[in-house]
Structures are given as C-alpha cells and as structure tokens.
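Side chains included, hydrogens not; waters and symmetry mates left out as well; all remaining heavy atoms used. This is a predicted model, so every value here is computed, not measured. Residue indices begin at 1 and follow the sequence shown.
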Amino acid sequence: MKKIYVIRGKNVMIYKNLAELYGVETKRLIKQVRRKKKFNLFFTLVFLGTGLFSCISKQQGITVIFPKVSEPVQITSNGKEHLFASYYGINSWSKSERYATVLETDIKHKLPNENEPATLGLVDLKTNIFIPLTQTRAWNFQQGCMAHWLNTSPDSLIIFNDLREDKFVSVIMNVQTKKEIKTIPYPISAVSPNGKEAISINFSRLRITRSDYGYGGEGQDKRADTQFPEDDGLFLINLETGEAKLIVSIAQIKEMVPEIPQEGIEYFNHTLFSRGGSKIFWLARAIPHRNTTSFTVNRDGTSIQRCFPDDWEGSHFDWLNDDELMITANYKGKQYAHVLFTIGKQDYKRLGNGLLDYDGHGTFSHDGKWMVTDTYPIGGMREQKIYLMDMKTEAILPLGRFVEPEEFKGFWRCDIHCRWSPSGKMIGFNSTHNGSRQVYIMHLEDTTILGE
C-alpha cells in the first residue's frame, strides 16, 4: 500500500501508516496529535487548500477526497420570485448544461390558483439571463410545473404541465424555436429515462388531499366521494402517441395500506422511474391522518410491492440504480433515516452512520458516487443545511447553511430541493436566505478517491 500521498503539493499520510512508520500504536499517535489539535477518532477532515477536503476513514485506511465545492451562485434576479421548474432530484439542465428550466412569479406568500400563471423559462448559465418561454397555470411551489428535459432530444425538448380549456395537460416544447410540438391530454408526474414514457396522477385529487402539491382549477375529476377509485391511480403515458394505460388503480392497493376512516380519501403522489426505466416508485397516502405506504411496480403494472414493513411509512426518495432505492423512512418504526435497500429484499441500510437520521431530500449523482441531501429549517435559527455523502465510505461533508425567513412557511415554504446536473459538476437548489425565493448553483470540481 502506498504510504504517502502528494495532494496539491502537500504530503498526506493515514494515521495507521504513520503509526507503523514510527513503530507506535495508532491510538497513541492520535493521543499525541490531540494535544495540539482536536481530531475525531472515526472520521478526520483534513483541509488540503482551496476547498479540497480529505476524509480519512477507520475502514482499511481508505481516504476519500471530496470535490472542491464553490460558494452558491445566485442565477436569478431579485425583482421577482424564482424556483426550479420541477421537483427535487429531477434534472433541470439541458444536456449541454448551458440552460436550466426555471419558473418566475410575482406570488410570494400564498398558494397560487389557476388564475395566477407562472412564467416558464430558461436561465442561460453563461449570462444568468432569464429567457421566457411560455406561461403555465398548472404549478406550485413544491414541484413547479414538473418540467423535464426529454432524452429523445435533451438539448431542445422539454415537457411541462399546464391547464388548458379547463383540463390539465402536458406540453412538449422545442425551447430553441419556442414552438409547441405536442399536447398530451394528461399531466405528468415522472418521465422515463429514455424520454418516451411518463407517469400521470390526479393533481385535482392532490389539491384536496395535499394542497401544496396539487393544482388550482378543476383540470381533472378529483373523485372526492370515492375513497379507493377503480379508475384512478398511476397511468403510463406513451409520449409519442399520447395514449394512456392505468397500470395501478387506487382500489388495487386497498388491502395493502392502513385502514382509513369513513371520511378518508386515499391518493397517490411522488412518482419516479428507476434509473433503467423498468420500475416505478410512488407513495400511497390518505387523509385525514396522512398515513403513508411506499410502493414499487414494474412499468407494465406487474409485481406491485410494498417497500417496507408496517409503520415504516416513507417520505422522500431516489433510485441509486435500476434495483436499489433510497427512501427516507421511519426505520423500524422508530427513527426517520435515509434508508437504502434492494427491491424485493429486506437488506435495509441506514445511510450516513447515524448523521443522516432525519427526513431529508436525498438524491444521487448520476454515477452513483455521491448523495446530496438537505434538512428542513432546524431550531430557532431556521437553518436549512446541505450535506454531501460519499456512497462508498458514507463520509459526509457539510456544504452550507441557509436561513429560511419565518414568513416562508406552510403552502409557500421554500424547501432546498437539491438536484444534480447531468455531468455531476453542479448542484442546484432553491433558497430564500436572501429574503426572496431564488435559484442557486454550486460548482464542483472533479473528484478522486485515494488510499485504497
């Protein structure tokens, strides 16, 4: 094993190797070092200049080099409110990473209705100029208008939701020409990795069950009088033909979820295709008690599976690959944590060695090396924090703390909602720490793992 690493002109050694060199026990060496500077026995962060960090793990002397992370850059102007045009974890960048999809609005402290459109546009990341494309009346502060770049043409085609002629629809647009290519008669909640399929759910039903995730207007039949409708649920949409197929009805999962009172309503939300597109994750929830069950299903509607035992619930989520899924869940019914597991197995693993035991919005880089997550406003300071975790060692690096003013709460709160650019060289997020809702980007340098 290599004993000394030269990183940016500095010699770096692992405690274990240094102790062997001097012929002393590792714990004795650490004790001597502690007399001069306080260190952590299990994980040591060593500053290597210009923002690069090394995390030395107790596991086999593995050294993790975290990327150099820039200060957040605000890419939108303060004159209006801005937010990424989709939910967290969804790619907001064109393939070239020149443009990002963003919503612009004058609304600040209320839930928008169908008569208060937002402007959907692109931010040119070379100039930070907002380029308006169109308006949408199907949007909210949590998930925007669910804009996705389509991998059929990832530098030119996007799809987004709108309310037209009193119906919720999705629209495919060429952003280079600003021309609409097609209108799909269903709103979308997730898009397949190949850009050819989507999932649709009932946003009118969401408006009466989880208002901040639904849309204003009567764009769909909310079926408010039916607890478990047989003709509503997850629809698989063919984006080339516009055809829809109900692959899981709400009625189908009635015996797989907690019993609800007579006045209760079951609903679906939070859908996501797996990285290979073969599976779909979603949450089944109910009012009035908001009991939650996490599910997966094959894209053809077969193999409906609960993700967890009773009482584990589920909140936020991302696929690591086509078979492994991370959900923030009530681990063993006792503690919310970022839980990674394999579909069809019970190999549940709490990520972060206890440091991520809370409900955050975790999402993986496209190469699976990193997970970025956040927190809700914590304590009297109302700080929202961002953390970066190395998936191999579970070493964690804090990326920032952002105060959410007290005025941003409830239906118009501003969650951080991180997302990765396609190359993994940028992390984007929303924040109100400067007094208005704006979009920010942090730049990351290439990373290296040493010491194995």
Check: Who passes ring-ring contact (aromatic ring centres under 6.0 Å, His included) against W282, sequence neighbours left out?
Finding: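 Expected list: F268, F295.
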I'd like to know if [X] and [Y] make a salt bridge, using a cut-off of under 4.0 Å between side-chain N and carboxylate O.
X: R210; Y: D212; answer: yes
X: E197; Y: R299; answer: yes
X: E404; Y: R413; answer: no

Note to self: Would you say that more than 12 heavy atoms from the other residues, nucleotides or ligands in this model lie under 6.0 Å from the NZ of K222, or not?
What the structure shows: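 Count not over threshold, so no.
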Notebook entry, point to check: Where does the angle between the aromatic ring planes of F203 and F168 fall among parallel (under 30°), tilted (30 to 60°) and perpendicular (over 60°)?
Noted result: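 It falls in the perpendicular class, over 60°.
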Check: Any idea how H270 and Y213 line up, ring-wise: parallel (<30°), tilted (30 to 60°), or perpendicular (>60°)?
Finding: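 Judged by the thresholds at 30° and 60°, the geometry between H270 and Y213 is perpendicular.
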Next item on the list: Using side chain to side chain contact (heavy atoms under 4.5 Å, CB included) as the criterion, point out the one residue from H361, K349, M371 that pairs with H338.
Entry: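 Exactly one option meets the side chain to side chain contact (heavy atoms under 4.5 Å, CB included) with H338, and it is M371.
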Margin query: Taking side chain to side chain contact (heavy atoms under 4.5 Å, CB included) as the criterion, tell me which of R437, Q142, H433, Q438 meets it with C414.
Written below: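 Answer after filtering R437, Q142, H433, Q438: R437.
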Side chains of [Y] and [X]: any donor to acceptor distance under 3.5 Å?
X: Q143; Y: N140; value: no
X: Q305; Y: T296; value: no
X: Q220; Y: Y215; value: no

Check: Is the distance between the ring centroids of F66 and W370 under 6.0 Å?
Finding: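 When the ring centroids of F66 and W370 are compared, they turn out to be within the sub-6.0 Å range.
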Notebook entry, point to check: Mind checking whether Y376 and Y358 have ring centres under 6.0 Å apart?
Noted result: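 They do not qualify: ring centres at least 6.0 Å apart.
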